[in-house]
Amino acid sequence: MSSGYGKGAPLSYNKYLKVPELIRLQETLSEPPSHDELLFIIIHQTYELWFKQILHELDATIKWIDEGRTFRANHSLRGVVSIERILVTQIHVLESMAPIGFLEFRDKLNPASGFQSMQFRELEFVSGAKDEKILSTFAEDEFAYKRLNERYTSPSLADAFWGLVGRSGLASTTHDERIAATVEILTHPEKYAEIYNMQDLLIEHDELIVAWRYNHIQMVERMLGMKRGTGGSDGVGYLMTTLNKKFFPELWEARTHLNIESKGDEK
Ligand code: HEM
């Protein structure tokens, strides 16, 4: 059937956004189709689209930080955390699916798993949590491996941030220097206004991804209990181990060393 969107047709909403193509991209595997499989596909695809937008913003943020455009970088980071706030709560939509409805089609998904989400791994790598073991699990997927390897070998957002701190006159190469620099920034917010705002946005980025991980775990346990994952892990037990992942561990650790005495008489 012709789409009616031939070359000569004027631009329209459906044409610009490729809606006919978009709504053809949800192909269920269950036979006869299990009612909840459409929701399962749509929610994953929605996440992947938001991941794409987050990666777009983070790549630009790194470039802007390197160019010294901290205002512009912070503006993009604000966009990133706004999306992430939606991602954290969006996982609850899946909880409207009855566990028994999920089991109708779950076996068809084997051995596919969210563990293989290339863009989620890109998000982790570009933020600063690079993992060679995870990279190697993509060895058979040429497209994903190429993208992830590029991120693995390129400077991350964390690298860009510590570079900026260094250029502001605070030593930021070693772990201890980063803690000391962060304490100094947290002690004098106005003196380091743009960098202060940036560390606030970065710690929020970290916090929201952990919040997403936590909500995902709760949802998984509600659906599966302690069953093994389709990706081969032991499911909830494995996912709990990921809660400690942080992109900017020094920003968190510095809070322990902050004390009011360093502030002096400054108001
Ligand atoms: C009923 C729905 C879902 C279930 C039962 C589920 C279950 C699981 C399980 C058991 C794992 C551990 C790996 C494995 O052995 O498979 C996992 C990992 C993962 N899932 Fe889900 N998941 C669901 C929905 C989602 C959604 C909507 C997303 C959104 C992108 C998602 C993203 C991920 C990611 C990124 C990982 C890797 C986490 C990490 O290794 O740090 N999952 N999922």
Side-chain angles (χ1 to χ4, degrees), residues 25-30 33-55 58 80 83-141 144-145 147-148 151-152 205-247 249:
L25 291 176
Q26 295 71 41
E27 289 180 16
T28 51
L29 287 180
S30 51
S34 179
H35 179 80
D36 289 332
E37 194 180 349
L38 183 64
L39 170 66
F40 185 83
I41 294 174
I42 286 182
I43 197 155
H44 281 88
Q45 289 185 339
T46 308
Y47 269 105
E48 291 295 337
L49 285 176
W50 280 128
F51 290 158
K52 177 172 181 175
Q53 178 64 19
I54 290 175
L55 291 170
L58 292 181
V80 168
I83 297 169
E84 288 171 344
R85 264 186 231 114
I86 289 175
L87 298 190
V88 168
T89 50
Q90 182 174 285
I91 203 84
H92 296 307
V93 178
L94 261 182
E95 290 169 342
S96 68
M97 180 169 73
I100 199 73
F102 178 47
L103 293 181
E104 277 179 26
F105 62 90
R106 181 174 186 244
D107 281 354
K108 296 273 181 206
L109 310 176
N110 244 327
S113 160
F115 190 86
Q116 299 156 338
S117 167
M118 164 188 84
Q119 292 198 107
F120 182 77
R121 297 312 181 191
E122 286 186 74
L123 189 161
E124 288 187 317
F125 284 20
V126 76
S127 297
K130 298 179 181 179
D131 184 330
E132 202 177 352
K133 266 204 203 127
I134 287 183
L135 175 65
S136 68
T137 64
F138 286 84
E140 306 296 313
D141 180 343
Y145 188 86
R147 287 176 59 122
L148 268 169
R151 302 233 177 248
Y152 188 80
H205 172 46
D206 234 346
E207 187 177 327
L208 286 165
I209 295 298
V210 175
W212 178 83
R213 290 184 199 277
Y214 184 75
N215 282 2
H216 171 258
I217 295 173
Q218 296 285 102
M219 181 277 297
V220 172
E221 188 169 357
R222 194 161 153 179
M223 286 299 144
L224 290 182
M226 302 307 277
K227 289 191 184 82
R228 293 188 73 79
T230 47
S233 82
D234 66 358
V236 167
Y238 156 72
L239 289 169
M240 295 287 273
T241 67
T242 66
L243 286 173
N244 292 328
K245 277 195 183 181
K246 290 272 184 358
F247 304 139

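All ligand and atom numbering here is 1-based and tracks the order in the structure.
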Problem set entry | M219: numbered ligand 1 atoms lying under 4.0 Å from its heavy atoms | 1 (C), 2 (C), 3 (C), 23 (C), 24 (C)

Exercise. Is any side-chain heavy atom of F105 less than 4.5 Å from a side-chain heavy atom of L29?
Worked result: no

Exercise. Taking atom 38 (C) of ligand 1 as the point of reference, which of L109, L239, T230 owns the nearest heavy atom?
Worked result: L239

Exercise. Within the side chain of D234, is there an N or O that forms a donor-acceptor pair under 3.5 Å with the backbone of Y238?
Worked result: yes

For this session: Please verify whether a non-hydrogen atom of R121 lies at under 4.0 Å from ligand 1.
Result: yes

For this session: Decide whether the shortest distance between a heavy atom of K245 and an atom of ligand 1 is less than 4.0 Å.
Result: no

Seminar exercise, completed: Near G231 (heavy-atom distance under 4.0 Å), the atoms of ligand 1 are 14 (C), 15 (O), 16 (O)

Exercise. Would you say R228 contacts ligand 1, with heavy atoms under 4.0 Å as the rule?
Worked result: no

Exercise. Considering only N, O or S atoms, which atom of H216 is nearest to atom 21 (Fe) of ligand 1?
Worked result: NE2

Seminar exercise, completed: Between S127 and the options R151, H205, E122, K246, the side chain to side chain donor-acceptor pair (under 3.5 Å) test singles out H205

Exercise. Between Q45 and L25, is there a donor-acceptor pair closer than 3.5 Å when you use the side chain of the first and the backbone of the second?
Worked result: yes

For this session: Take the angle between the ring planes of W212 and H216 and call it parallel below 30°, perpendicular above 60°, tilted in between.
Result: parallel

Exercise. Is it true that E124 and R213 make a salt bridge, defined as a side-chain N closer than 4.0 Å to a carboxylate O?
Worked result: yes

Exercise. Honestly, is R147 close enough over Y152, meaning NZ or CZ under 6.0 Å from the six-membered ring centre and within 45° of the axis?
Worked result: no

Exercise. For residues E104 and S34, is any side-chain donor paired with an opposing acceptor at under 3.5 Å?
Worked result: yes

Exercise. Is the closest heavy atom of R213 to ligand 1 under 4.0 Å?
Worked result: yes

Exercise. Are any of the N/O atoms in Y47 less than 3.5 Å from those in ligand 1?
Worked result: no

Problem set entry | Subset of ligand 1 atoms that lie under 4.0 Å from at least one heavy atom of T242 | 41 (O)

Problem set entry | N or O contact, Y238 vs ligand 1, cut-off under 3.5 Å | yes

Problem set entry | Option with minimal heavy-atom separation from atom 6 (C) of ligand 1, where the choices are T46, I217, I43, V220 | V220

For this session: Please state whether W212 comes within less than 4.0 angstrom of ligand 1, counting heavy atoms only.
Result: yes

